[in-house]
Structure formats: structure tokens, C-alpha cells
Amino acid sequence: MVGNGTDRTRELTTSISRAEAANDGLSLSAAHLNFLGQALVRLAHELKNHLATINESAGLMLDLLKMKKRQRWGWAGRLFRRRRGLSLDMAPFLTPLNTIQKEIVQAAALIQRLGRFAHRMAEAQPIFEGNEALEEIQDLLLEKAGEKDIHLVMRLCKRKSMIEVDPIGFQMAVLFNVEKVMAGLEGGRRVVLESDVREGIFQVCLSSSCPEYGPRFGSEELDDEGFYQDMLEKMGGRILEQSQDDKYSITLDFPLARRKE
Amino acid sequence: MIAWVKEEQKMKGMKVLLVDDEIEFVNTLSDRLGMRGIKTDVVYDGDQALDYVAKNEPDVIVLDLEMPKVHGMDVLRQLSKTNPHLQVVILTAFGSKAREEEAKRLKAFDFLNKPVDVETLADRIRGAYRYKIEKTMAAAAFAEAGEFETAKEIAKEAKRFKTTSEGFKDEK
């Protein structure tokens with residue numbers, strides 16, 4: 001009888017643990033989807049802005065061409081044509097043409113990043129290049145900074161560094177912490193995001209000169225960040241917050257992928 | 001009876017402000033509207049828009065939503081309190097049903113998505129201006145006349161002009 005009772009307790013404990021794990025998984029999935037939706041919407045927004053500029057520039061060229069045509073074929077235009085010949089002045093077309101080209105290049109780069117991002121979601125490869133993953137959310141980060149009138153500078157290291165964590169979790173953790181650094185800042189300030197590789201870890205350092213935060217001097221590991229803190233720890237990483245004089249920084253450490261023997 | 005002046009003459013005095021942080025887009029749009037007889041001034045964020053309105057009292061504003069400093073919806077919210085006769089046409093790449101509803105609630109004249117056909121935008125701007133003139137004149141006439149017959153006539157005229165505009169106001 002006692003043995004049966006112990007087995008039953010063990011069984012129940014196991015099911016509770018499984019349910020808790022499943023619940024954690026569901027929360028994480030929901031957060032993933034939310035993040036994905038947010039990022040895709042932002043990217044689409046940017047794309048539409050570029051398309052609108054292309055549309056206006058192309059429209060301006062058409063307007064100018066129509067004006068030229070009227071000038072050439074109206075009675076005044078015929079007089080103009082006889083006196084000046086058929087040559088068109090191309091100067092007014094050059095600026096809109098250049099704008100079209102520039103916008104198309106930017107739109108193509110955005111679509112490229114959108115494609116990479118969606119691809120990563122579909123495949124969910126656990127090993128990825130850290131700087132590429134940061135570039136994918138660059139537009140989202142800049143947009144968030146722009147909303148607060150904060151100048152975000154991104155300095156990514158040139159060294160290729162493969163990380164072995166959940167890629168979307170990595171991007172979410174960076175986004176969350178960039179927002180956290182910006183939260184206490186007034187408009188017009190600067191936040192620097194730097195990436196680096198040190199002793200088996202990929203580091204993302206976020207820093208700002210920020211007198212709004214109470215100076216804490218020294219450094220401490222955060223223990224109150226709840227969801228993101230847990231998530232980073234589960235990924236084998238950690239968050240370090242530092243505050244010295246008027247400089248505030250958060251460093252995120254992610255484990256590099258182990259090389260195959 | 002209200003004597004309505006010719007369309008062209010009415011549009012001549014129209015003051016239009018374009019507000020958008022996409023500098024190349026808004027400058028080109030301004031040029032193209034200019035080619036269609038609509039002269040515009042341009043500012044690049046919500047703060048500048050509020051400053052401009054306080055100093056220059058435009059008739060129509062074409063307003064973007066996603067902008068640094070002050071969000072377009074906040075600009076609209078503020079203008080609906082301080083300048084109720086000013087007509088606002090929202091032009092955004094970030095349109096959604098919820099935002100459209102919010103703009104409608106705040107009495108925006110219309111809500112357009114980018115990219116937009118310039119002829120459509122020009123029509124909506126003219127419609128917004130016509131609506132503004134009618135609204136201002138009706139308010140002035142109501143204040144001065146005070147007679148039932150006059151008020152009835154003005155209401156009839158106002159209804160006629162509402163149907164010529166193609167914005168949200170048509171639906172009412």
C-alpha cells in the first residue's frame with residue numbers, strides 16, 4: 001500500500017512538472033509569435049514607405065514628361081520646337097531617377113532581411129551567426145529608438161561568430177534590453193549597441209550616458225528580470241548590468257557553438 | 001442665401017500643410033500637388049506641425065502617423081480640441097482598421113494608405129477644403145442670423161456640400 005502511494009505521488013509530481021514545462025513552452029511560443037508579428041509589421045511598414053517614395057518619384061517624372069509633351073505638341077510647343085529643336089532638357093529627370101534607384105536598393109535590402117527572418121522562423125536552426133541575427137532586427141530597433149527620438153548606433157564586430165541558442169529568443173532578449181536601456185532616457189540621447197566575441201561567448205553590449213539612472217557603482221547580475229532573465233539562463237547565457245558615474249550598460253552573454261571534434 | 005464662389009477662386013486661398021518624416025516622399029508629393037494647383041507647406045514631424053498650425057492656421061493638413069517626437073494620432077487628438085474647423089487627411093503606411101476607427105472618432109476628414117494616387121489625394125484635399133469652408137460659413141451664419149428659415153437653408157446647403165466630399169463625412 002505504502003509503495004503504491006509513493007508511486008502515485010511520483011506519478012503526480014511528474015505530470016505536474018510536465019504540465020509546467022508545457023505551459024512554459026506555450027508562453028514562449030506565444031511570445032515568439034507576438035515578436036514575429038511585431039517585427040514583420042514594422043518591416044512591411046518600412047517597405048510601404050519606400051514604395052510610396054518610389055511611387056511619387058515615378059509620378060513626378062510622368063508629370064514632367066506630360067508637361068514636356070504638351071509643350072512640344074501644343075501650338076506654343078510647336079513654335080518652341082521650331083526654335084529650339086527636339087532636344088529635351090534631362091536635368092529635371094535626374095534627381096527623381098536617382099531617388100528611385102536609391103529607394104529600390106533600400107527596399108531590396110529590407111525584403112532580403114525580411115526573407116532571412118522568415119526563413120529562420122521556418123527552419124528554427126539552433127546554430128546561427130550572431131551579427132546576422134542582429135542585422136535582421138536592426139530596422140525594428142532603429143524604429144523603436146526613433147519613436148523615442150533616441151539615436152541608436154550599432155557597431156557589430158566583423159568576426160563571424162556562431163551562437164548555439166534559440167535564435168528568436170536571442171533577438172527578443174536583445175530587443176527587450178534595448179527598450180530597457182531606452183526607457184529611462186530623454187529624447188536626443190545616444191545608445192550604442194556593440195557586439196564582440198570573448199572566450200567562448202558572444203557579447204552584446206548596450207550602453208548609454210544616462211544620468212537618469214541612479215548611479216550604483218560597480219556591477220551586478222540581474223535577478224529581477226523575470227521572463228527574459230530565465231530565458232537567457234536556459235539558453236546558457238547571462239545578463240550583466242553596470243552603472244558607473246553617468247554611464248549605464250547592459251551586457252548580454254550568449255554561448256558560442258562548440259566546434260565539432 | 002449663401003453665395004458660393006467659383007471652385008478655382010475658392011481653392012486659390014487654400015492653405016495646405018503636409019506632415020511626414022519621409023523627407024523625399026513628402027517633398028516630391030508637395031511638388032506634384034503644386035502641379036495640380038494645390039500649394040503646400042511641408043514639415044517633418046508632429047512638433048513642427050503643431051507649431052505651424054499655431055502660427056499659420058492652415059485649412060487642411062495631410063498627416064502621417066508614424067513620426068518621431070509626437071505621433072500623428074496625438075497631433076490629431078490635440079488639433080481636434082484646439083482647431084475644430086481644421087480638416088485632417090491621414091496618409092500613412094501603417095494603416096489598420098483600429099487606427100482608421102480612431103481617426104474617424106477624432107473627426108479626421110479621411111484616412112488614406114500609402115502609396116496613394118496623387119489625383120485621389122488632390123480630390124480629398126479639395127473635398128476637405130470645401131467642407132471646411134462650408135462648416136465655417138455655416139457656423140458664422142448661425143451665429144449672426146438666428147432665424148429658423150436661414151438655419152434651415154444653411155443646413156440644406158451643408159448637406160449638399162457634404163455629398164460632394166468623399167471623406168468620412170459622406171457616410172453620415
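Protein chains get the first letters and strands the later ones, always in sequence-line order, with residue 1 at the start of each. Fair warning: this is a prediction, and the values are worked out from it, not measured in the lab.
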Inset, instruction - Show the numbers, then the answer: is there a side-chain contact (heavy atoms from CB on, under 4.5 Å) between A:N49 and B:K114? - result: CA-CA 7 Å; A:N49 266 331; B:K114 287 182 190 171; 3.0 Å; yes
Inset, instruction - Applying side-chain contact (heavy atoms from CB on, under 4.5 Å), run through A:L60 and B:D31 and close with a yes or a no. - result: CA-CA 8 Å; A:L60 179 63; B:D31 288 345; 4.2 Å; yes
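Among all heavy-atom pairs drawn from A:E56 and B:L29, the shortest one is OE1-CD1, 3.4 Å. When all heavy atoms are compared, the tightest approach of A:E103 to B:E24 is OE2-OE1, 3.4 Å. Scanning all heavy atoms of the two residues, the minimum distance from A:G146 to B:P68 falls at O-CB, 3.6 Å. In this structure, B:P115 and A:A52 approach most closely via the heavy-atom pair CB-CA, 3.7 Å.
For the pair B:H71 and A:E147, the minimum side-chain heavy-atom distance is 4.5 Å or more. With a 4.5 Å cut-off on side-chain heavy atoms, A:L64 and B:M35 count as touching.
With a 4.5 angstrom heavy-atom cutoff, A:N55 touches chain B via backbone and side-chain atoms both. The contact between B:E22 and chain A is made entirely by side chain atoms (from C-beta outward), counting heavy-atom distances below 4.5 Å.
Heavy atoms from other residues, nucleotides or ligands lying under 6.0 Å from CD of A:E179 number more than 12.
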